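Structure first, commentary second.
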2 protein chains.
Amino acid sequence: MTSQPSTPRSRRERPAKSALTHAGIVSTAVRLMESEGLQRVTMRRLAQELDTGPASLYVYVANTAELHAAILEALLGAVDLAPVGARGDWRERLLRVLGSYVEVLFAHPGLARSALVARPSGPHYLALVEGILGLLHEGGVPDAQAAWGVDVLLQVATATAAEQSTRAQSPTADDEHDALTAVLREAPAGVYPRIAALGDDLVSGTPEQRFAWIFRAVINGTKTTPRETS
Amino acid sequence: MTSQPSTPRSRRERPAKSALTHAGIVSTAVRLMESEGLQRVTMRRLAQELDTGPASLYVYVANTAELHAAILEALLGAVDLAPVGARGDWRERLLRVLGSYVEVLFAHPGLARSALVARPSGPHYLALVEGILGLLHEGGVPDAQAAWGVDVLLQVATATAAEQSTRAQSPTADDEHDALTAVLREAPAGVYPRIAALGDDLVSGTPEQRFAWIFRAVINGTKTTPRETS
DNA sequence: ACCTGAACACCGTTCAAGT
DNA sequence: ACCTGAACACCGTTCAAGT
């Protein structure tokens, strides 16, 4: 935030206006997201940050979705693929990798939702896929099942993070969740016997407890479900 | 589209401007979505359709997300909860219910994506939850696992539909998918040994085949994974 | 080749004012 | 109570024109 003595006449308190590049745009976008949230990372707002007009960005980025995917790819560098305390079996370590992924998404509201739509395809994403495949292999999961299972695991992790972060983000979303909870609790037993029978169990547990069970269930299903139908 | 003889001086070829109600707004929204797609169901466009200003809608609908959730709830009436040819076991019937749900979402691009964020809580949604719980109960899935499993099943079904319909909708999304496919195929074996080992298997199968396996895997995981950690 | 001004065609949401 | 005109504060994307 201090002015640069080497460029005395810069009009703004910004690093000298660097040439526009894909990398420069993405790193500015990440900074902007960190400070103002993904919802402010628009082509117009980002262009303003880079001291140019929105049209200039289209030379490097095809559209807003691609921009958001590039941000996610950059953030994925923070996923811990080999947790230090990882002395448990493969299942335990896989749980931690997925947990680390969810944490990264959860730390940036909005990112998970965009990740459900536009998946990245950079080296960090590949490393995450490779890490998961390695653990499934170590666990003796047949290749064909691991190949499809990695997708499900990432999908569930992403969707779970999206749901949680949407709720954490907006008080309206929280109200909606409370409404759903109330509706489930009050469902008449005559029309909805199973909902009534399960009662609070449908909405029980902390997010962490639900995460842990969900991941274990999907990992188990992946390991035990053959690809060919019997 | 014909003029109404009983209301000779109506200025437009619309059914007489009915009083604004929640139900009327939602049914107009559904019609609008069916004809122009969810992306056109905006507060402004919908108000125009109802011959009023956008501000008027806020008396009945809190925001755009809630409007989209109400549309989904209405559409959920089309889910087949007791497939006619359903003579298979509980697993087979559950697969069909989930398949019907995916079809409904898939028929309306954009809806699945919004469903990941704003879940409805009306009678159609409850009936779907009840139907799934009933089948899990029939299959001997312990209550505690069924209670959490229903959420995972719906989440996976929704996320799967969202991914597919995003791709079917926009050619850009399809390009991105091709890009990811190419990246996976070309991943160097030195850095990504498991990705290289699995090769085309990572992206193999039709959407239907992947759906079928994914649902079976999640159903199996739900049935076999106890809620308490060992 | 790269960059951009200006325009096109939209958005959600609020609020003071009307009936 | 219900409805609305008008405004506030934005959007994505394109394209002809400039350097």
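Since the structure is predicted, the reported quantities are computational estimates derived from the model, not experimental observations. Letters go in sequence order (proteins before strands), and every chain restarts at 1.
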Notebook entry, point to check: Tell me, what's DNA chain C's dot-bracket, Watson-Crick or G-U with both distances under 3.5 Å, | for other-strand, [ ] crossing?
Noted result: ||.|||||...|||||.||
Check: Who are the side chain to side chain contact (heavy atoms under 4.5 Å, CB included) partners of Ala212(A), not counting sequence neighbours?
Finding: none
Next item on the list: Could you check if a side-chain atom of Leu105(B) sits within less than 4.5 angstrom of a side-chain atom of Leu75(B), using non-hydrogen atoms only?
Entry: no
Next item on the list: Sugar-phosphate means primed atoms, P, OP1 and OP2; the rest is base. With that split, encode nucleotides 7-14 of chain C 5' to 3' as B, S or - using protein heavy atoms under 4.0 Å.
Entry: BB--BBBB
Margin query: Could you tell me how far apart His22(A) (NE2) and dC2(C) (C1') are, to the nearest whole angstrom?
Written below: 17 Å
Check: Between dC10(D) and dC8(C), how far is it from one P atom to the other, in whole Å?
Finding: 22 Å
Item checked: Residues forming a side chain to side chain contact (heavy atoms under 4.5 Å, CB included) with Glu208(A), sequence neighbours excluded -> Thr206(A)
Next item on the list: Scan residues 65-78 of chain A for pairs that pass salt bridge (charged side-chain N to carboxylate O under 4.0 Å, His left out), counting only residues two or more places apart or in two chains.
Entry: none
Check: In whole Å, what is the span from the CG atom of Asp51(B) to the P atom of dC3(D)?
Finding: 14 Å
Note to self: So, using side chain to side chain contact (heavy atoms under 4.5 Å, CB included) as the criterion, who are the partners of Tyr60(A) when residues are at least two apart?
What the structure shows: Leu20(A), Ile25(A)
Item checked: Gap between atoms CG and P, on Leu57(B) and dT4(D) respectively (whole Å) -> 9 Å
Next item on the list: Return the set of residues passing side chain to side chain contact (heavy atoms under 4.5 Å, CB included) with Arg185(A) (not counting sequence neighbours), or none when no residue passes.
Entry: Thr181(A), Asp200(A), Val203(A)
Checklist line | For Glu36(A), side chain to side chain donor-acceptor pair (under 3.5 Å) partners two or more places apart | finding: Arg45(A)
Can you give the donor-acceptor pairs under 3.5 Å from side chains of residues 147-158 of chain B to other protein atoms, not counting sequence neighbours?
residue   : atom : partner   : partner atom : Å
Trp148(B) : NE1  : Asp201(A) : O            : 3.4
Trp148(B) : NE1  : Ser204(A) : O            : 3.4
Trp148(B) : NE1  : Ser204(A) : OG           : 3.3
Gln155(B) : OE1  : Thr160(A) : OG1          : 3.4
Gln155(B) : NE2  : Glu163(A) : OE1          : 3.2
Thr158(B) : OG1  : Tyr101(B) : OH           : 2.7
Thr158(B) : OG1  : Leu154(B) : O            : 2.6

Margin query: Please report the distance separating the P of dA9(D) from the corresponding atom of dA9(C), rounded so that it comes out in whole Å.
Written below: 25 Å
